[in-house]
There are 2 protein chains.
Amino acid sequence: MYSFTEENYLKAIYKLSENNRQSISTNAIADLLQTKAASVTDMIRKLAEKKLLKYEKYKGVELTDKGKRVAVDTVRKHRLWEVFLCDKLKFGWDEVHDIAEQLEHINSALLIDKLDAFLGYPSHDPHGDPIPTKNGDIKKSEFVLLNTVKALQPVIMSGVADHSVLFLQHLDKIGLRLGTSCLIEEMNAYDGSLKLKLNSKQSINISKDVAKNILVKPV
Amino acid sequence: MYSFTEENYLKAIYKLSENNRQSISTNAIADLLQTKAASVTDMIRKLAEKKLLKYEKYKGVELTDKGKRVAVDTVRKHRLWEVFLCDKLKFGWDEVHDIAEQLEHINSALLIDKLDAFLGYPSHDPHGDPIPTKNGDIKKSEFVLLNTVKALQPVIMSGVADHSVLFLQHLDKIGLRLGTSCLIEEMNAYDGSLKLKLNSKQSINISKDVAKNILVKPV
DNA sequence: ATTAAATTTTAGACATGCCTAAAAATACTA
DNA sequence: TAGTATTTTTAGGCATGTCTAAAATTTAAT
Ligand SMILES: [Mn+2]
Ligand SMILES: [Mn+2]
Ligand SMILES: [Mn+2]
Ligand SMILES: [Mn+2]
């Protein structure tokens with residue numbers, strides 16, 4: 001139905017729309033997709049013709065419902081495949097994104113339904129991101145950043161804001177993974193670093209840079 | 001590494017080479033890939049430049065070891081994904097080919113290794129075709145066509161020569177599937193139809209057209 | 001309000017993969 | 001062996017998606 005490239009543009013625009021609620025600029029899309037502004041202009045004109053987004057010259061773009069649906073479906077496929085790779089094939093959460101970038105373009109609604117069932121209808125992917133439903137509904141994240149939680153509030157680690165391989169591997173190294181229960185014992189007023197008490201009774205220190213990229217759910 | 005199109009051409013040429021041991025003609029490739037001879041000429045010149053096949057103008061093509069390896073790896077991916085779709089996702093054997101045509105182009109050696117392990121290192125795909133090993137070795141089929149078997153010789157149904165959806169659904173309908181034990185009770189000299197006795201003690205009649213597309217293993 | 005800087009679009013080009021129509025080479029046939 | 005039929009290649013073109021360089025527009029700064 002839609003080419004890989006079209007799906008990737010729609011997904012990128014959707015991602016940019018999640019934060020900014022204004023229309024999305026050509027350069028922002030070019031940055032995210034690591035391409036040139038001229039190429040973006042070409043593609044958004046094509047997508048506008050197909051009614052996948054609203055485009056006014058020099059004013060940026062906004063997804064239509066139709067375009068948003070294609071984007072959300074692609075996100076759904078991406079995240080379900082990531083669950084498959086981690087849960088079934090035993091990939092690490094730092095290894096799955098690039099493969100899912102390919103798998104998300106496989107075109108078969110029945111395949112995704114059956115994969116969803118096979119995985120037990122997961123609600124979140126291996127990085128804590130919500131998986132859109134078959135109908136295109138996507139739950140807004142109820143998680144908060146660890147660096148905004150007050151001391152002694154018990155929380156469960158539930159997601160990451162930084163999806164980079166380096167960050168994920170760092171969390172592996174210090175023993176933090178999704179599902180880990182913990183609380184902030186102490187916050188350092190000088191550099192914002194935290195002393196975290198894990199449910200294993202062990203305590204670890206993490207920098208503010210790490211804390212502000214960890215999503216937790218208060219319990 | 002190689003584009004979808006390049007992989008599909010190499011796979012097609014490999015398939016044609018399995019039967020004919022001479023070099024493969026432009027038209028044969030065009031027929032199999034449902035494209036035009038002129039397009040094939042364009043592509044084989046490109047593949048020859050990349051040393052994936054040997055090409056002499058007007059003399060047809062022959063895969064090099066390098067080209068054969070790419071083809072066999074693609075076949076391996078195709079068949080492993082078909083096993084996944086049938087065994088894990090519960091697709092029918094008539095539904096999996098088209099999806100596997102897409103999945104076979106996903107590029108990750110580690111993914112295929114892990115998929116292979118997850119599936120328990122299967123030796124054959126859902127249609128009875130052998131799955132090449134990680135090293136590119138592929139076992140030649142030891143199966144024979146049912147219409148060449150002599151009466152009363154017990155056999156196990158082990159593969160199909162016709163992979164069409166129509167044929168596979170017909171086999172479903174008459175209750176023949178891989179693993180079914182049977183023997184020929186009687187062969188009709190006029191039309192070549194067979195009276196087959198199944199291990200369930202039930203007997204069925206199948207036409208010669210069906211019999212000559214069923215692969216069996218004598219037991 | 002001008003001017004300068006940044007962003008965005010256009011113009012023109014290139015690579016891939018496909019097509020049709022015509023030319024060239026090969027294979028068949030009388 | 002000449003002539004015809006078939007196969008294959010070439011020539012020229014089209015669609016997609018990319019790029020650089022230059023022009024147009026918008027935004028920011030004085
Ligand atoms: Mn991802
Ligand atoms: Mn993810
Ligand atoms: Mn198949
Ligand atoms: Mn198969």
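Because only heavy atoms are used, hydrogens play no part in the values below, and waters and symmetry mates are left out as well, while side chains stay in. Sequence lines set the chain letters: A, B, ... in the order given, protein chains first and strands last, and positions in each chain run from 1.
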Give me the distances for all protein-to-nucleotides 25-29 of chain C N/O pairs that come in under 3.5 Å?
residue: C:dA25; atom: O4'; partner: B:Y58; partner atom: OH; Å: 3.3

Test ring pair (Phe, Tyr, Trp, His ring centres under 6.0 Å) applied to A:H170 - qualifying residues, sequence neighbours left out
none

Set of residues satisfying side chain to side chain donor-acceptor pair (under 3.5 Å) with respect to B:Q102, sequence neighbours excluded:
none

Quick one: A:D42 CG to D:dC19 P, roughly how many Å, whole number?
10 Å

Side chain to side chain donor-acceptor pair (under 3.5 Å) contacts touching residues 25-43 of chain B (sequence neighbours left out)
none

Among C:dT10, C:dA21, C:dC18, the one nearest any side-chain atom of A:A38 is C:dT10

Write down the distance between CD1 (A:I29) and C1' (D:dT18), rounded to a whole number of angstrom.
16 Å

Would you say A:E142 has more than 12 foreign heavy atoms packed within less than 6.0 Å of its CD?
yes

Any side-chain donor near an acceptor of the partner, B:D162 and B:S164, under 3.5 Å:
yes

Distance check needed: D:dT18 P versus A:Q34 CD, whole Å only.
13 Å

Here the distance between atom P of D:dT16 and atom CZ of A:R45, to the nearest Å, is 12 Å

Among all residues two or more places apart in sequence or in another chain, which pass the ring pair (Phe, Tyr, Trp, His ring centres under 6.0 Å) test with A:F4?
A:H105, B:F4

Give one of base, sugar-phosphate or nothing for A:N27, where a contact means two heavy atoms less than 4.0 Å apart.
sugar-phosphate

Just call it for B:Y9: base, sugar-phosphate, or nothing, with non-hydrogen atoms closer than 4.0 Å on any strand.
sugar-phosphate

Could you state the NZ-P distance from B:K36 to C:dT16, rounded to the nearest angstrom?
23 Å

Per A:T5 side chain, nearest of listed nucleotides C:dT20, C:dT10, D:dT18
D:dT18

Closest approach to the side chain of A:M43, judged atom by atom: which nucleotide of D:dT9, D:dT18, C:dC18 is it?
D:dT18

Under 4.0 Å, counting only non-hydrogen atoms across every strand here, what does A:T26 touch: a base, just sugar-phosphate, or nothing?
sugar-phosphate

Check this one for me: any side-chain N or O of B:T35 less than 4.0 Å away from OP1 or OP2 of C:dC19?
yes

Of all the choices, D:dC19, C:dT9, D:dT9, which nucleotide is nearest to the side chain of A:Y55 once you look at every atom?
C:dT9

How do B:V40 and A:S39 order along DNA chain D: which one's closest nucleotide is nearer the 5' end?
B:V40

Looking only at the side chain of B:S25 (C-beta and beyond, no hydrogens), which of the listed nucleotides C:dT7, D:dC19, D:dT8 gets closest?
D:dT8

Please report the distance, rounded to the nearest Å, between CD in B:E56 and C1' in D:dT9.
15 Å

Suppose we screen for side chain to side chain contact (heavy atoms under 4.5 Å, CB included). Which residues come up paired with A:P132, at least two apart in sequence or across chains?
A:V72, A:V75, A:R76, A:I138

